[in-house]
Amino acid sequence: MAACFSVCRLHMRGADRLLKLCPNSDLQAQRRLARTTFATKAQTVNKTLHAAPTSVESFSSIQDERRERAERSVLISCPPKINERKFLDYLSKHGDIRNYFFYQTYGMYAVVEFSSKESIAALQGSCTIPSVQHEASVPFKSRLLSLKWTGSIGPTTLNCQEQLPISINELIQQLSKQESIDQQMQCLTEAYQLTEENISLRFLVCSLLRDIAAAYFPECIIRPFGSTVNSFGKLGCDLDMFLDLDGVSGQNKKKGSGLSLEYQVKRGASERNVTQSILSVIAECVDQFSPGCVGVQKILNARCPLVRFSHQPSGFQCDLTANNRVAIKSSELLFVYGSLDARVRYLVFTVRCWARVHGITSGIPGAWITNFSLTVLVLFFLQQRTPAVLPTLDQLRDLAGPSDKCVIEGNDCTIVSDLSKIKLQGNTDTLEKLLQEFFEFYGSFAFNRSSINIRKGIEQNKPEAAALHIQNPFEPNLNVSKNVNATQIERFVALCRESAWLLQQGEVLKRSAAQSADQIPPWGLAALLLPSVAESAGVKGRRKKKREPASERIKTLLQSLKSGRGGAGEKQSSDDQRH
Ligand code: GTP
Ligand code: MG
């Protein structure tokens, strides 16, 4: 289920205040919150887009801080009409409120963050378990509460703000109003990226779930991973969670000589077996006791066993895994790459959106390219630029300090956590150029024989037959895109070629004048997002007109488009044409 919610009001007096309140918030959050008008931002694009990181907080400290805030928060279902002042006065009796906001899914909800955990205990002390007629309540005291409002409400003061991801048509309209493709890519990212409130809600859902799991494993942590934390999350994306039991099992102290005690434990046939039984029990608990969690499915025979459910109050589709530490590390890696240069996120958001619109990616599992694989494709492309926009994974490992050392199941997953150590190579390509060249790069990539390796930043011979081979960054023997079939990669290549061609056409690149801003015909990136670009009459019409002199590369691409030759894997251009 797609998350659909609207934040009514973030109780902040401007971005500065929040930055003071949350001194640890990540740079992106700061960038979002310190939002000036888009025009102002866009004007400074070339000055700020490829700035090297100065001091970016480490991934783990950002996550720890968000988790700690979630532990001091409650989620309250509210009546549709509510007096904000009275609501806050009532809750403030139990402690200082640090932050709050309202949002709407299937009803009105408030996320309220207190200054201390003791306030939560005080608040819960005043809550009652409802008595229900003809049924019985499970007496589980969670932090998902319902506000009952009797008596007069008084003036309702909520200032509701929609926070749904906008529709593709609305997006195309907004993009068409921008002045350049660079601005369009930034505008798309701004419109789609997770908001600060959405991320807080995601951490709160993890924290609520932890309360259930803690009944068995008090030291456990439920950590979000994937697009919730990797900086590439789009509003409405799923909530990937990982049950981390290292706090329980990782406390093996060195045995000295003499006496010692150890826990008696049940044994399972394998790690996988133990993971499956833990997830199975947690799934039962979530299903039976956890308010708001519905449609619980145990998918325990998957390569990575998981429990899937919907969290109704947030609208999130949740996937809970265990023993999946490498996925957290992959999320950190993506986060690091996304933090190094602002263009990375703009390009990834743009390519992800483009791919989704054209059915290259899908919400349904199958032979499609996943967002994760697509992101790795973008990162690899950025490593191939001259000068490179991004360092290789080996370079990130070589910069790591002793405390960054990380080995998971025998695989070296070490990456530098102090991003200020990373020196970028000074690439200054515009976003438009990067987008254009991304399409050209993959429009002529030898997918039939080459594998993509972001660890070394090189193409390698495929070690096994697969339509698309992307080496798993941290598990080099695995292919992250094993699921992709030849048809899907051919479609991807064909669309890359077509988009590269479109981005060379004067008419596509030209922003026409219109009587009102809402009537500007789609151009630039907006034109690339139109459904079935090649078939649309407009484009056919354009093709008949005289074209501007195209570069050699585009000529080659055009040739293959026209003749229908050059399926996936046929290398259309020599390597030097890449740069
Ligand atoms: P969305 O499509 O927005 O949900 O993107 P996502 O990055 O969250 O992808 P998804 O929910 O499919 O997977 C969650 C995370 O699991 C990814 O970000 C990766 O860290 C990891 N992951 C997904 N697929 C693979 C894979 O094939 N191999 C490995 N090693 N990790 C994967
Ligand atoms: Mg996900």
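Throughout, numbering of the chain's residues begins at 1 and tracks the sequence. Values below: every heavy atom of this structure, side chains too, minus hydrogens, waters and symmetry copies. All of these numbers come straight from a predicted model, not from anything done at the bench. When a ligand or atom number is given, it counts from 1 through the structure's own listing order.
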*Pair E459 + R449: basic N to acidic O under 4.0 Å*: no
*Are D246 and R325 ion-paired here, with the side-chain N under 4.0 Å from a carboxylate O?*
yes
_Close side-chain approach of V336 and L396, heavy atoms under 4.5 Å_ = yes
_Q460, H469, E464 screened by side-chain hydrogen bond (donor to acceptor under 3.5 Å, both in side chains) with S451, the one that passes_ = H469
*Considering only non-hydrogen protein atoms, determine which one is nearest to atom 25 (C) of ligand 1 and report residue, atom name and distance to 0.1 Å.*
F372 CD2, 3.7 Å
*Location of contacts on V480 toward ligand 1, heavy atoms closer than 4.0 Å*: both
_atom 9 (O) of ligand 1 protein-contacted, heavy-atom criterion under 4.0 angstrom_ = no
*Within reach of ligand 1, part of D319 (heavy-atom separation under 4.0 Å)*: neither
*May I ask you to test the F232-V344 pair for a side-chain heavy-atom distance under 4.5 Å?*
yes
_the Mg ion (ligand 2) to D238: nearest N/O/S atom name_ = OD1
*Do the charged groups of E196 and R66 touch, with an N to O distance under 4.0 Å?*
yes
_Can you tell me if G233 contacts ligand 1 (heavy atom of the residue under 4.0 Å from the ligand)?_
no
*In terms of residue, atom name and distance, what is the protein heavy atom nearest to atom 4 (O) of ligand 1?*
D238 OD1, 2.8 Å
*Just checking, is any N or O donor in the side chain of S277 or S280 under 3.5 Å from an acceptor N or O on the other one?*
no
*Identify the protein heavy atom lying closest to atom 18 (O) of ligand 1, giving its residue, its atom name and the separation to 0.1 Å.*
G226 CA, 3.3 Å
*Have a look at ligand 1 and work out which part of F232, if any, has a heavy atom under 4.0 Å from it: side chain, backbone, both or neither.*
neither
_SB check D64 R67 (cutoff 4.0 Å)_ = yes
*Could you tell me the residue and atom name of the protein heavy atom closest to atom 5 (O) of ligand 1, and the distance to it rounded to 0.1 Å?*
S227 OG, 3.6 Å
*Numbering as shown, the atoms of ligand 1 that approach S330 to under 4.0 Å (heavy-atom distance)*: 20 (O)
*Location of contacts on E475 toward ligand 1, heavy atoms closer than 4.0 Å*: side chain
_Nearest option to atom 14 (C) of ligand 1, as decided by whichever heavy atom of L194, N324, D240 sits closest_ = D240
*Would you say atom 12 (O) of ligand 1 has a protein heavy atom nearer than 4.0 Å?*
no
_Distance alone, cut at 3.5 Å: any donor-acceptor contact between the side chains of R343 and N427?_
yes
*Of the N, O or S atoms in D240, the one nearest the Mg ion (ligand 2)*: OD2
_Out of all atoms in ligand 1, which are within 4.0 Å of some heavy atom of N472? Include the element for each._
28 (N), 29 (C), 30 (N)
*What protein heavy atom is closest to atom 2 (O) of ligand 1, reported as residue, atom name and distance in Å?*
N371 ND2, 2.9 Å
_Closest approach of any protein heavy atom to atom 21 (C) of ligand 1, naming residue and atom_ = A327 CB, 4.2 Å
_Testing the basics here: between Q178 and C187, what is the closest heavy-atom pair and its distance to 0.1 Å?_
NE2-SG, 3.5 Å
*Counting only heavy atoms, which portion of R352 has something under 4.0 Å from ligand 1: side chain, backbone, both, or neither?*
side chain
*Among side-chain atoms of D404 and T414, is any donor-acceptor pair under 3.5 angstrom?*
no
*Identify the protein heavy atom lying closest to atom 15 (C) of ligand 1, giving its residue, its atom name and the separation to 0.1 Å.*
F225 CE1, 3.6 Å
*Between C237 and ligand 1, which residue portion shows a heavy-atom distance shorter than 4.0 Å: side chain, backbone, both, or neither?*
side chain
*Residues S420 and D418: side-chain donor-acceptor under 3.5 angstrom*: yes
*Using non-hydrogen atoms of the residue, decide whether N230 is closer than 4.0 angstrom to ligand 1.*
yes
*Going by heavy atoms in the side chains, are N323 and E409 under 4.5 Å from each other?*
yes
